[in-house]
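A quick write-up on the structure given underneath.
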Number of protein chains: 2
Amino acid sequence: MTSLGEYALLDQSWHDVVPDAARRMLIAAAQAFADKGYHATTTRDIAARAGMSPAAVYIHYRSKEDLLFQISRIGHERSLKVLTGVQDPDPVDRMARTVASFARWHAEFRTTARVVQYELGALSPEHHAVVAELRRKIETHVRSMVEEGVRSGAFTVPDLKGTSLAVLSLCIDVARWYRPDGTRTPEQIGSLYADLVLRMLRTP
Amino acid sequence: MTSLGEYALLDQSWHDVVPDAARRMLIAAAQAFADKGYHATTTRDIAARAGMSPAAVYIHYRSKEDLLFQISRIGHERSLKVLTGVQDPDPVDRMARTVASFARWHAEFRTTARVVQYELGALSPEHHAVVAELRRKIETHVRSMVEEGVRSGAFTVPDLKGTSLAVLSLCIDVARWYRPDGTRTPEQIGSLYADLVLRMLRTP
DNA sequence: GTCTATATCCGGATAGAC
DNA sequence: GTCTATCCGGATATAGAC
């Protein structure tokens, strides 16, 4: 079950989804997909979580896969926004603040993040292509941040592309292991990760 | 499709599974589960990959879930063995070599690793408890390696448990992003990761 | 041990009333 | 827009011959 707090947070992300019933359905589907996986989730399950009949799914969505696509697309857009939203002239501070918010996002919005990261394979080829483009932008952004730090002399890395991938990977995997009932808050995870990443990248 | 090379590598892990048909079925299932996920895989699919009839699955396994459990159990045992197999008196060298083999394993045996990491939720409660115990051992081992380094003065970390989790997480997530047709070999990923982790942990 | 055939159930999607 | 009822394809697992 989902606490009211998490629901409210989820709601932020889906705020622009209208009408109301469509949004409730999307949130219900995201929770079900995150809990049990896309293929293990039935449309009856989604409808029940949204408090509606099984047929109600098809009023606002063409198919179960369409529901997944909307969650994945909006989730990727949100994640890209969090990643690129940090403005800071100093490459080191920018990296630290970006890693902190990006890792934090994967904890705080773990439900969405899990669907984003682990259900790509269930998308149709056409829908997959759309989110793949967003994923490329995410990778590119991380790499260019590392690159900037290297150019400024603050970072020294053995393998630019590989190291950037590792930084991204570290943040993303938070969605796998994070538990809301754990000892660390998303905020604390963000701080810790910013510190660890700077240690990984900084010129000795 | 799987190259002969990968098959041979897979075969190593499953070497003690007998009889032959049972092993072929297990390998077929592991590949299918890794490709499409447990719930998206049909028993017909597994049987076809093993070159047998759908009913043949039930000669050696009680159910599809039993097949998953065997893969998960053996995979966890293998992964634990790789992690704990490194002997080295120096905490820093030990950490470096362990991270290198553990990360490498998650690339080289990506097929098994993906089932191990991403299909836990499909196990029955009883079977889940068995692998959860193995997972606890893995976490504990990483933490005690970090701890030793801290005791020796070679490592300095802000949060022992959180940092250990991050090291483990970094290695595990290799199974998600690694592609056999990429530019880096599993060996190279191991080396890079050993370097990155030491930078994360070392006392400045 | 392996096969063919099939029982049985379940899930995505639709029809049509309100 | 939402419901109840239902169609129909497909999936797990079993029966029984060889």
Side-chain angles (χ1 to χ4, degrees), chain A residues 14 16-72 115 118-128, chain B residues 14 16-72 115 118-128:
Chain A
W14 311 123
D16 47 349
V17 177
V18 287
D20 195 76
R23 183 174 54 254
R24 268 163 43 217
M25 203 68 85
L26 213 63
I27 292 170
Q31 292 173 342
F33 294 163
D35 270 12
K36 323 197 297 177
Y38 174 79
H39 290 288
T41 299
T42 66
T43 52
R44 285 168 174 80
D45 185 10
I46 295 167
R49 287 183 193 235
M52 300 180 83
S53 79
V57 169
Y58 299 91
I59 297 165
H60 300 286
Y61 300 93
R62 306 172 75 84
S63 64
K64 185 179 135 180
E65 192 272 343
D66 183 36
L67 214 29
L68 173 64
F69 174 55
Q70 298 307 330
I71 295 163
S72 188
V115 180
Y118 302 123
E119 303 298 345
L120 291 171
L123 291 166
S124 73
E126 295 74 22
H127 288 163
H128 185 273
Chain B
W14 312 121
D16 49 349
V17 178
V18 286
D20 195 75
R23 182 174 56 254
R24 270 164 41 220
M25 203 68 86
L26 213 62
I27 292 170
Q31 292 173 342
F33 294 163
D35 270 12
K36 322 196 297 179
Y38 173 80
H39 290 288
T41 299
T42 67
T43 52
R44 287 170 172 83
D45 184 9
I46 295 166
R49 286 183 194 236
M52 298 181 85
S53 78
V57 169
Y58 300 91
I59 296 165
H60 300 286
Y61 301 93
R62 306 172 76 84
S63 65
K64 185 178 131 179
E65 192 272 342
D66 183 35
L67 215 28
L68 172 65
F69 172 56
Q70 297 308 330
I71 296 163
S72 189
V115 180
Y118 301 124
E119 303 298 345
L120 290 173
L123 292 166
S124 73
E126 295 76 21
H127 289 162
H128 185 273

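Quantities reported herein were computed from a predicted structural model and do not represent experimental measurements. Below, chain A is the first sequence line, B the second, and so on; all start at residue 1.
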(request) Look at all strands and tell whether A:S53 reaches a base, only sugar-phosphate, or nothing, counting heavy atoms closer than 4.0 Å. (result) base
(message) Without decimals, in angstroms, what is the distance between A:Y58 OH and C:dG12 P?
(response) 6 Å
(message) Output the rounded distance in Å from CE (B:M52) to P (C:dT2).
(response) 4 Å
(request) Could you check how far NE2 of A:H60 sits from C1' of D:dG1, rounded to whole Å? (result) 7 Å
(message) I want to confirm an ordering. Mapping A:T42 and B:G51 to their closest nucleotides on DNA chain C, which one lands closer to the 5' end?
(response) B:G51
(message) So B:A55, base contact, sugar-phosphate only, or nothing? Heavy-atom distance under 4.0 Å.
(response) base
(request) Starting from C1' on C:dG11, measure out to NZ on A:K64 and report it in whole angstrom. (result) 8 Å
(request) Mind listing the closest non-hydrogen atom pair of B:A29 and B:I71 along with its distance? (result) CB-CD1, 3.8 Å
(request) Nearest 0.5 Å please: distance from the OG atom of A:S72 over to the OH atom of A:Y38. (result) 11.5 Å
(message) Just the rounded figure in Å: distance from C1' of D:dT12 to CG of B:D45.
(response) 14 Å
(request) To the nearest Å, give me how far apart CE (B:M25) and C1' (C:dC3) are. (result) 12 Å
(message) On the side chain of B:R44, is there an atom forming a donor-acceptor pair with the base of D:dG10 - under 3.5 Å, no angle test?
(response) no
(message) Under the side chain to side chain donor-acceptor pair (under 3.5 Å) test against B:D66, which residue among B:Q70, B:K64, B:R62 passes?
(response) B:Q70
(message) What is the separation between atom CD1 on A:I59 and atom C1' on D:dT4, rounded to the nearest whole Å?
(response) 13 Å
(message) Less than 4.5 Å apart, side chain to side chain, heavy atoms only: is that true for A:E119 and A:L123?
(response) no
(request) Rounded off to whole Å, could you give me the NE2-to-C1' distance for the A:H39 and C:dC10 pair? (result) 16 Å
